[in-house]
Participant: 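What follows is a single structure, and I will ask about it in a moment.
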Amino acid sequence: MILLYHNISLTENSGINYKFSCFIKDMLHLTRMHIVPLSQYNPKNDDEIVITFDDGYRSVLDYAAPVLKFLKFPFEVFVCGHFVELGEQDNCWYCNIEDLKQLKAAGGNIQYHSFNHKNLAQIEDIKTLKKEIICPQWLKIFKKDDMKFFAYPYYSYNDKTLKIVKESYLGALSGKEYGNNNTYSLNRNTIEETQLKIGGGGNKLSIIEKILFYKFILLNIKLYLTLKLKSILSIKKISRRKAKLDAKKTKTILKNIY
C-alpha cells in the first residue's frame with residue numbers, strides 16, 4: 001500500500017490539510033507494518049507500506065520529518081519545480097533546496113511531481129508536456145533513489161504523458177480511483193480528513209506504541225512544546241477570524257432585514 005499525505009497542519013483536518021496529532025498516531029500504528037522506500041516496493045506484497053507526500057510543503061520538514069526520522073521510516077517527497085522556486089523566494093508554504101537537503105538527511109527521497117502542477121491529461125502539446133514532466137537539471141542535486149519516480153498531478157494522464165514518463169522515470173504514481181496498479185500507474189491511498197486505520201488498531205494506541213510516543217516527546221521536548229504553543233496560537237487566531245466572519249454575516253443579515 002502507498003499512502004499519500006499533503007500538508008501537515010497543527011490545527012485542522014480539511015482538504016489537503018492533515019492534523020499533526022493524527023499523523024503521529026498514523027505513524028505509530030505503522031510500526032506494525034513493513035515500511036519500505038518506493039524503489040523497493042512490491043505492489044503484490046500487502047505487508048509493505050510506502051509513505052509519500054505531494055507538492056513539497058514546508059510542514060513536511062517541520063512536523064512530519066522529526067517523527068519519521070525518530071521511527072527510522074523512509075519516505076518520498078514529490079516536489080513541483082515551480083513550488084521549489086517559490087520556496088527559494090522565501091514563500092513559507094514550500095520547501096526550498098536547503099529544506100529538501102534536510103528532508104534527505106531525515107531519511108526522505110526527493111521525487112518529481114511536474115513543474116506547474118497542471119492536469120497532464122488535458123495537455124496534448126509534446127513540448128509543453130516535456131517541460132512539465134522532465135525534472136530540470138537544477139533540481140537534480142541528489143543521487144541515490146531521487147528523481148527516479150513521478151507522481152501525476154490530479155492523478156491523471158494521457159497516452160502522450162505516459163510515453164514521456166516511461167522514457168524519464170523508473171515508475172509513476174496515480175491515485176486509488178485512477179491507477180491501474182502497474183509500474184507506471186501505481187495506486188495510492190490519500191490520507192485526508194480521516195485518520196488512517198491499519199493493522200487492526202483503529203485509533204487506539206497499543207502499549208508499545210504509547211511507549212514510543214512518550215519516548216519521542218522526551219527526545220523532542222523542545223519541538224513538542226513549540227508545536228503545542230503554535231497550535232494554541234493558531235486555534236485562537238482561527239477563532240478570532242471566525243468571530244469576525246460571523247459578525248460580518250450577522251451585520252449583512254440585519255441590513256437585509258431592515
Participant: For residues V79 and M147, report the shortest heavy-atom separation together with the two atoms involved.
Facilitator: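 V79 and M147 have their closest heavy atoms at CG2-CE, 4.0 Å.
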
Participant: Between A121 and N158, which heavy-atom pair has the shortest distance, and what is it?
Facilitator: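 Taking every non-hydrogen atom into account, O-ND2, 3.4 Å.
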
Participant: Tell me whether the count of non-hydrogen atoms from other residues, nucleotides or ligands lying under 6.0 Å of NZ in K148 goes above 12.
Facilitator: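 Atom NZ in K148 is packed in, count exceeds 12.
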
Participant: Which pair of non-hydrogen atoms, one from H113 and one from A151, has the smallest distance, and what is that distance?
Facilitator: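 Nearest heavy atoms, H113 then A151: ND1-O, 2.7 Å.
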
Participant: What pair of heavy atoms forms the shortest contact from H6 to V60, and how long is it?
Facilitator: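 Here H6 and V60 meet closest at O-CG2, 3.8 Å.
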
Participant: More than 12 heavy atoms of other residues, nucleotides or ligands under 6.0 Å from CG of D159: yes or no?
Facilitator: no

Participant: Would you please test L4 and Y155 for side-chain contact (heavy atoms from CB on, under 4.5 Å) and show each step?
Facilitator: CA-CA 11 Å; L4 168 58; Y155 319 126; 3.5 Å; yes

Participant: If I compare all heavy atoms of T183 with all of L186, which pair ends up nearest, and what's the gap?
Facilitator: O-CG, 4.0 Å

Participant: May I ask you to decide if the ring planes of F115 and H82 are parallel, tilted or perpendicular, using 30° and 60° as cut-offs?
Facilitator: tilted

Participant: Could you walk me through whether F70 and K215 pass side-chain contact (heavy atoms from CB on, under 4.5 Å), step by step?
Facilitator: CA-CA 9 Å; F70 168 73; K215 185 177 179 181; 4.0 Å; yes

Participant: When the ring centroid of Y63 is compared with that of F23, is the distance short of 6.0 Å?
Facilitator: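 No - the distance between ring centres of Y63 and F23 does not fall below the 6.0 Å cut-off.
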
Participant: So, Y57 versus Y94, ring centres under 6.0 angstrom or not?
Facilitator: yes

Participant: When you look at CH2 of W93, are more than 12 heavy atoms from neighbouring residues, nucleotides or ligands closer to it than 6.0 Å?
Facilitator: no

Participant: Is it the case that over 12 heavy atoms from other parts of the model lie below 6.0 angstrom from the CD atom of Q137?
Facilitator: no

Participant: Take Y152 and S185, measure what side-chain hydrogen bond (donor to acceptor under 3.5 Å, both in side chains) needs, and give me the verdict at the end.
Facilitator: CA-CA 9 Å; Y152 302 108; S185 186; over 6 Å; no

Participant: Taking all non-hydrogen atoms of both residues, which atom of L139 and which atom of G81 are closest, and how far apart?
Facilitator: CD1-CA, 3.9 Å

Participant: Take atom CG of N42 as the centre, draw a 6.0 Å sphere, and report whether it contains more than 12 heavy atoms from other residues, nucleotides or ligands.
Facilitator: yes

Participant: Only one of I2, I191, D26, L68 clears side-chain contact (heavy atoms from CB on, under 4.5 Å) with I51; which?
Facilitator: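 Exactly one candidate clears the test, L68.
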
Participant: Taking the cut-offs as 6.0 angstrom to the six-membered ring centre and 45 degrees off its axis, would you call R188 and F149 a cation-pi pair?
Facilitator: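 Cation-pi check for R188 and F149: fails.
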
Participant: Hey, quick one: are F150 and W138 part of the same hydrophobic cluster, counting side-chain heavy atoms closer than 4.5 Å, chains of contacts allowed?
Facilitator: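 Yes, it is one cluster - the side chains of F150 and W138 are joined through contacts under 4.5 Å.
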
Participant: Nearest 0.5 Å, what's the CG-CG distance between L61 and L103?
Facilitator: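 Between atom CG of L61 and atom CG of L103 there are 4.5 Å.
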
Participant: Does N7 use its side chain to pair, donor to acceptor, with the backbone of I16 at less than 3.5 Å?
Facilitator: no

Participant: With a cut-off of 6.0 Å (strictly less than), are more than 12 heavy atoms of other residues, nucleotides or ligands near NZ of K104?
Facilitator: yes

Participant: Could you please spell out the steps behind the side-chain hydrogen bond (donor to acceptor under 3.5 Å, both in side chains) verdict for D62 and S59?
Facilitator: CA-CA 5 Å; D62 292 341; S59 62; over 6 Å; no

